[in-house]
There are 2 protein chains.
Amino acid sequence: MELSCKSEYALLALLELADHYSSNEPLQIRQIAAEQNIPDRYLEQLLATLRRSGLIRSQRGAKGGYVLAREPWKITLSEIVSSIEGTDTHSSEYREAKSLEGMVIREVWQEAGQAAIAVLQKYTLQDLMEKRNSRQQLDLMYYI
Amino acid sequence: MELSCKSEYALLALLELADHYSSNEPLQIRQIAAEQNIPDRYLEQLLATLRRSGLIRSQRGAKGGYVLAREPWKITLSEIVSSIEGTDTHSSEYREAKSLEGMVIREVWQEAGQAAIAVLQKYTLQDLMEKRNSRQQLDLMYYI
DNA sequence: ATAAAATACGGTGGAGAACCGGGATATACT
DNA sequence: AGTATATCCCGGTTCTCCACCGTATTTTAT
C-alpha cells in the first residue's frame with residue numbers, strides 16, 4: 001500500500017549493489033548515496049538494518065563498503081521490505097483483537113497483506129534490473 | 001499491510017450500522033462507540049470522513065444519527081479503507097519518481113497494492129457479517 | 001422553547017519518519 | 001608504526017500523522 005521513503009531508498013541502494021555485484025568490489029555509502037540521490041547519513045542507518053537482516057555484508061576500514069550477501073536473483077523484494085519495514089515493535093498483528101468482529105476484520109486484512117507480499121516475493125533484485133534495462137532499451141528506441 | 005486503528009474503527013462502526021440496517025433507524029455515535037469500545041470523539045471524525053465519501057448518511061438533531069447510504073452487500077471493504085486511508089495529501093503515488101529505477105520500483109509496488117485492493121474489493125460488509133455470524137455459531141457449538 | 005443530536009474548530013501528547021553530528025572502531029596502504 | 005579511509009554506534013532534531021479530548025455551533029424532533 002504505502003511505499004515509504006525508507007523502503008524505496010533501500011531498494012535503490014540494493015539495486016546499486018546488484019549492479020556492481022559482478023565486480024566483487026565493495027561499494028561505499030557515499031557512492032550509493034551520490035548515485036541515487038539519497039542522504040548519506042540516513043542511508044547508513046538503512047544499510048545497518050539490511051546488514052543485520054543478512055541481506056548485505058559490510059567491510060570496515062579503508063577500501064571497505066558493502067556487498068550483497070547473496071546473488072541478485074536470490075534476494076526477493078519481500079525480504080528487503082520486511083527487513084526495513086518490519087522493525088516496528090507493536091504492529092497491528094501483535095495488538096490482538098478483543099471482539100469477534102475484530103478477529104474477522106484482521107483475517108481479511110491478513111489475506112490482503114498476504115496477497116501483496118506474494119507479489120513482492122515473486123520479484124528479485126535481478127528481475128528489477130532486467131525490467132529497468134529493457135525499459136532503457138525502449139527509451140533509446142523512441143529517441144532514434 | 002498495516003491495519004491502522006483508523007480503518008479498524010471505521011470497519012467496526014460500519015459493521016454496527018450494517019447490523020441495524022433493516023431497522024431503518026439511525027444509530028448515534030455514542031451507541032456505536034459504546035458497543036465497539038471506540039473513543040466517541042475520534043469516531044466522530046471517522047464518520048464525518050465516511051459521510052463525505054458517500055458511504056453513510058447522517059441525520060442531525062434529536063433522534064438523529066447515521067445510517068448506511070447503501071445496502072450492506074453493495075459496500076466493499078476497499079471503498080471503506082480507501083475512504084479512510086486515502087485522505088493523506090502527499091502519498092507515495094503523488095511524489096513522482098525521478099529515476100528509471102524509481103519508476104520500476106513504483107510499478108512493482110503498485111502491482112502489490114492492487115493485489116491487496118483486489119482482496120478488499122471482493123468482500124462486502126454483508127460478507128463480514130456472515131463470516132462473523134458463522135463464527136459465532138461455531139463458538140456456540142464448542143460451548144455445548 | 002428545549003433537549004438531543006451532528007458538525008466545526010482547535011489543541012495535545014506520543015510515535016515514527018527523515019534527517020544531521022560526533023566520536024569510536026576496524027582496515028588498507030605507506 | 002602511522003595515517004587515511006571507511007563502517008559502526010551513540011546521540012539529537014524537526015516534521016508529520018495518529019489518536020484523542022474540549023468547546024462551541026447548528027440542526028431537528030418533540
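Computed from a prediction, not measured in an experiment: that's the story for all the values here. Residue numbering restarts at 1 for every chain, and letters A, B, ... go by the order of the sequence lines.
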Handout entry: Pair B:Tyr66, B:Gln28: side-chain N/O donor-acceptor within cut-off below 3.5 Å
Key = no
Handout entry: d(CG, B:Leu46; P, D:dC20) in whole Å
Key = 9 Å
Completion exercise
Separation of D:dA19 atom P from B:Glu8 atom CD, nearest Å, is 10 Å
Handout entry: Those residues of residues 53-61 of chain B lying under 4.0 Å from DNA chain D by at least one heavy atom
Key = B:Gln59, B:Arg60, B:Gly61
Handout entry: D:dC9 base / A:Glu44 side chain donor-acceptor hit below 3.5 Å
Key = yes
Problem - Rounded distance (Å) that lies between atom P of C:dC20 and atom CD1 of A:Ile38 - result: 12 Å
Practice task
Go through C:dA28, D:dC9, D:dA19 for me and flag the one nearest to the B:Cys5 side chain.
Solution key: D:dA19
Exercise for the section: Tell me which of A:Lys63 and A:Tyr9 sits closer to the 5' end of DNA chain C, going by the nucleotide each one is nearest to. Expected result: A:Tyr9
Handout entry: Side chain to side chain, B:Leu68 and B:Leu125, heavy atoms closer than 4.5 Å
Key = yes
Exercise for the section: Strictly below 4.0 Å, heavy-atom distances to any atom of DNA chain C: list the hits from residues 29-36 of chain B, or just say none. Expected result: B:Ile29
Problem - Atom-to-atom span, CG of A:Asn37 to P of C:dC19 - whole angstrom - result: 11 Å
Practice task
Provide, to the nearest angstrom, the distance between the CZ atom belonging to B:Arg51 and the P atom belonging to D:dT27.
Solution key: 13 Å
Problem - Phosphate contact (D:dC8 OP1 or OP2) by A:Tyr66 side-chain N/O below 4.0 Å - result: yes
Handout entry: B:Arg57 side chain to B:Ala69 backbone, donor-acceptor under 3.5 Å
Key = yes
Fill in the blank from the handout: So salt bridge (Lys or Arg N to Asp or Glu O under 4.0 Å) across residues 16-32 of chain B, not counting sequence neighbours, yields B:Asp19-B:Arg132, B:Arg30-B:Asp40
Exercise for the section: Verify, without hydrogens or angle tests, whether A:Glu79 (side chain) and A:Thr76 (backbone) share a donor-acceptor contact under 3.5 angstrom. Expected result: yes
Exercise for the section: Find the distance A:Gln28:CD to C:dT27:P and express it as a whole number of Å. Expected result: 15 Å
Practice task
For B:Tyr9 and B:Gln36, run side-chain hydrogen bond (donor to acceptor under 3.5 Å, both in side chains): C-alpha distance rounded to whole Å, both residues' side-chain angles, the deciding distance at 0.1 Å, then the answer.
Solution key: CA-CA 8 Å; B:Tyr9 284 165; B:Gln36 298 288 349; over 6 Å; no
Practice task
Write down the distance between CZ (A:Arg41) and C1' (D:dC8), rounded to a whole number of angstrom.
Solution key: 10 Å
Handout entry: Salt bridge present between A:Glu130 and A:Arg135 (N-O < 4.0 angstrom)
Key = no
Handout entry: Position toward the 5' end of DNA chain D (nearest nucleotide), A:Gln45 or A:Gly65
Key = A:Gly65
Exercise for the section: Kindly say whether B:Ser4 contributes a backbone atom to a donor-acceptor pair with the side chain of B:Ser7 at under 3.5 angstrom? Expected result: no
Completion exercise
Rounded to whole Å, the OH-P distance (B:Tyr42 to C:dA8) equals 18 Å
Problem - Worked check of side chain to side chain contact (heavy atoms under 4.5 Å, CB included) between B:Val108 and A:Lys131 - result: CA-CA 10 Å; B:Val108 173; A:Lys131 247 180 181 291; 4.2 Å; yes
